[in-house]
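By convention in this document, chain letters (A, B, ...) are assigned in the order of the sequence lines, proteins followed by strands, and residues within each chain are numbered from 1.
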There are 2 protein chains.
Amino acid sequence: MADVAARVGVSRALVSLVFRGAEGASQETRERVFRAAAECGYQPDTAARMLRRRRSGFLGVVYTASDPFHAELVEAVYPAAEQRGYNVVLSAVTAARDEREAVGDLLGFRSEALMVIGHRALSEELAPLVAGTPAVTVGARLPGTPFDSVRTNDAQGVRQAVDHLVESGHRSIAHIDGGSMLSAAARRRGYREAMRRHGLQEEITVLPGDYSEDSGVRAAHELCRRDRLPTAVVAGNDRCAVGLLDSLLRLGVDVPGEVSVVGYDDSQLARLSHVDLTTVRQDAGQTAESAIQALVERLDGGRTEAKDVVLRPELIVRGTTGPPRTAS
Amino acid sequence: MADVAARVGVSRALVSLVFRGAEGASQETRERVFRAAAECGYQPDTAARMLRRRRSGFLGVVYTASDPFHAELVEAVYPAAEQRGYNVVLSAVTAARDEREAVGDLLGFRSEALMVIGHRALSEELAPLVAGTPAVTVGARLPGTPFDSVRTNDAQGVRQAVDHLVESGHRSIAHIDGGSMLSAAARRRGYREAMRRHGLQEEITVLPGDYSEDSGVRAAHELCRRDRLPTAVVAGNDRCAVGLLDSLLRLGVDVPGEVSVVGYDDSQLARLSHVDLTTVRQDAGQTAESAIQALVERLDGGRTEAKDVVLRPELIVRGTTGPPRTAS
DNA sequence: ATGAAAGCGCTAACAG
DNA sequence: CTGTTAGCGCTTTCAT
């Protein structure tokens with residue numbers, strides 16, 4: 001920086017001023033400064049800047065590298081933060097790097113607030129570490145902590161799926177659940193409630209699953225062994241639905257002619273043209289937006305009470321659902 | 001930090017010393033310092049530390065958030081860097097954030113070297129920006145730049161696939177290419193060369209594609225319209241292979257009985273239990289390791305000439321390949 | 001519109 | 001083993 005200042009023949013303070021776009025420099029000086037900076041490859045030092053400013057302007061984001069939905073959130077988080085005058089610092093949780101390390105890094109960077117995506121998010125063990133830093137968990141709420149949370153109403157999502165099927169004329173609707181997986185309970189509950197609300201409690205059928213393709217495959221075989229197939233199946237997630245679809249196809253069951261199938265997540269999988277799966281989407285853009293919003297409200301708006309944002313999922317109707325062959 | 005020092009009743013220098021694990025503090029002091037730090041939630045300020053040390057210890061990684069293979073690399077990059085005494089800083093390229101911004105951030109953090117994953121990696125336009133910082137591009141080489149590169153030999157990968165099929169007794173082997181997509185040319189070339197080497201130039205059949213499932217679907221229909229099906233197909237990538245598989249299934253063609261199918265990438269898709277696709281893997285772990293290694297060689301080893309690492313892909317044989325029904 | 005000087009939180013070199 | 005001191009690159013008053 002001293003270098004740039006010398007080149008232009010001004011003080012370092014002026015160069016600083018130009019670089020952060022503050023007032024107090026003539027148009028001409030500005031240009032000369034930028035030109036000189038380009039020439040000697042100068043770029044402001046973020047560390048020095050934040051040290052002096054006593055603010056980092058960073059929003060730390062903890063996410064799981066291998067999770068595609070987390071990637072979608074990361075994608076959406078940048079514009080949301082920039083729009084509010086903050087910068088994003090990423091910290092990945094990997095097989096070899098736990099949440100504690102990821103959060104530690106972010107805190108070392110003096111992130112002003114933390115957005116933690118993922119289900120073991122900010123376990124109690126971590127809470128004291130974060131003390132004093134606003135944080136929001138995405139995907140789950142952590143009762144007993146002072147953190148904000150943003151999540152999607154899974155029960156409602158499944159309800160929408162069931163409603164859609166019932167409206168198409170289905171009555172015999174089964175559910176493959178996610179066992180003890182995160183949010184599987186909520187989805188199962190949504191299914192049960194929706195069936196009851198339509199007076200179909202007699203038709204409730206929950207098959208065991210675990211969100212894997214294999215569980216979809218197993219469910220397909222289980223269903224085919226029975227006297228009669230249900231006319232529709234709501235799978236616990238897309239992966240399970242895809243396994244189910246593939247097996248039905250191999251077993252000669254027409255979809256959606258004989259059986260309609262609904263997934264959950266609207267993952268890449270569901271969008272594949274040959275899969276074309278009807279599914280339930282949690283809006284990554286909206287989720288990221290709400291999470292960043294919550295942090296900024298604490299940072300700039302002075303909010304102190306915890307906040308729990310519950311988002312509405314959206315049913316995406318594609319090609320795997322239709323009226324039952326023998327509409328009642 | 002002053003706070004911690006006061007609590008323990010020592011100087012700030014001593015606290016610093018304890019925190020970076022340097023010699024010169026008694027075991028007892030160490031413990032007291034750590035305890036006091038935990039009590040008042042102290043954690044060293046990374047920015048201040050690197051400012052003073054005049055080294056950041058950061059290796060900057062630019063990757064595309066939405067690309068699953070990039071995610072695998074990110075996953076592998078952490079241990080590779082830590083093992084060599086460096087820390088990783090991530091910077092994502094997204095729909096709303098280009099490579100220039102991503103690299104700029106990393107440079108602002110004073111990353112000591114850059115690893116850029118992705119195909120438009122470090123375009124000439126970016127090169128001057130990076131001047132002076134060691135950099136490695138992953139997935140492609142940029143001739144005319146001083147950067148190192150790490151990539152996989154795609155032609156060799158396809159060659160392995162063809163060899164495997166020929167060894168199983170196939171002679172009529174078609175290829176669905178990736179059109180103008182990255183590395184499609186190399187894969188196509190590998191196919192042609194391998195066929196020729198086996199004296200099968202008469203059997204060379206290249207169907208147009210573009211790495212999408214749709215192109216696999218189209219290829220399936222195209223093949224079925226012909227007089228006779230090939231006994232094997234090497235798809236340009238896994239997505240294309242999956243589209244192909246699904247269509248063949250719907251058209252009543254048995255895989256691998258009538259037609260064997262090979263993909264490319266060993267993506268999640270290929271590993272799905274019901275897909276179980278024979279494919280070619282580029283080893284993310286090895287790639288990340290080589291890239292980090294290249295950077296550290298420049299940083300600590302004083303290497304200055306550019307280096308181009310070409311990795312060997314690996315054929316993963318799964319369930320979609322087998323001997324042709326009428327082995328010759 | 002521009003410059004001088006102080007200091008952010010930390011570490012390194014040296015003195016005790 | 002422990003304390004003192006200076007200063008990293010930047011921003012921010014406060015003068016000019």
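When each of dC10(D), dA6(D), dT2(C) is scored by its nearest atom to the side-chain atoms of Arg52(B), the top-ranked nucleotide is dA6(D). Nearest nucleotide to the side chain of Ser11(B), out of dA4(C), dG3(D), dG9(D): dG3(D).
At a threshold of 4.0 angstrom between heavy atoms, the contacts of Leu14(B) are confined to the sugar-phosphate backbone, with no base atom among them. Within the 4.0 angstrom heavy-atom criterion, no nucleotide atom of any strand lies near Phe19(B). Base contact: Ala13(A) has a heavy atom under 4.0 Å from a base atom. Looking at heavy-atom distances under 4.0 Å, Ser16(B) makes contact with a base.
Distance CE (Met1(B)) to C1' (dG3(D)): 12 Å, rounded to an integer number of Å. Counting to the nearest Å, the C1' atom of dC1(D) and the CZ atom of Arg32(B) are 13 Å from each other. Arg55(B) has its CZ atom 15 Å from the C1' atom of dA12(C), to the nearest Å. To the nearest angstrom, C1' of dA1(C) lies 12 Å from CD of Glu23(A). Rounded to an integer number of Å, the gap from Gln27(A) CD to dA1(C) P is 11 Å. Remark: C1' of dG9(D) and CG of Asp45(A) are 6 Å apart, rounded to the nearest angstrom. Rounded to whole Å, the distance from CG on Leu17(B) to C1' on dG9(C) is 16 Å. In this entry the distance linking CG of Asp3(B) with P of dG9(C) reads 12 Å, nearest Å.
Where Leu51(B) and Arg20(B) meet DNA chain C, the nucleotide closest to each residue was compared, and Leu51(B) sits on the side nearer the 5' end. With DNA chain D read from its 5' end, the first of the two nearest nucleotides for Arg49(A) and Arg53(B) is the one closest to Arg53(B).
Between Asp308(A) and Arg151(A) there is a salt bridge, since at least one side-chain N of the basic residue sits less than 4.0 Å from a carboxylate O of the acidic one. The existence of a salt bridge linking Arg110(A) and Asp45(B) is confirmed by a sub-4.0 Å separation between a basic side-chain nitrogen and an acidic carboxylate oxygen.
Arg12(A) contributes no side-chain N or O that forms a donor-acceptor pair with the base of dG9(D) under 3.5 Å.
Side-chain polar atoms of Thr29(B) and Ser26(B) form a donor-acceptor pair below 3.5 angstrom.
The CG atom of Asp154(B) sits 11.5 Å away from the CG atom of Leu311(B) when rounded to the nearest 0.5 Å.
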inquiry  = Test salt bridge (Lys or Arg N to Asp or Glu O under 4.0 Å) on Arg84(B) and Glu297(B); report intermediate values, then the result.
reply    = CA-CA 10 Å; Arg84(B) 293 169 177 81; Glu297(B) 278 170 14; over 6 Å; no
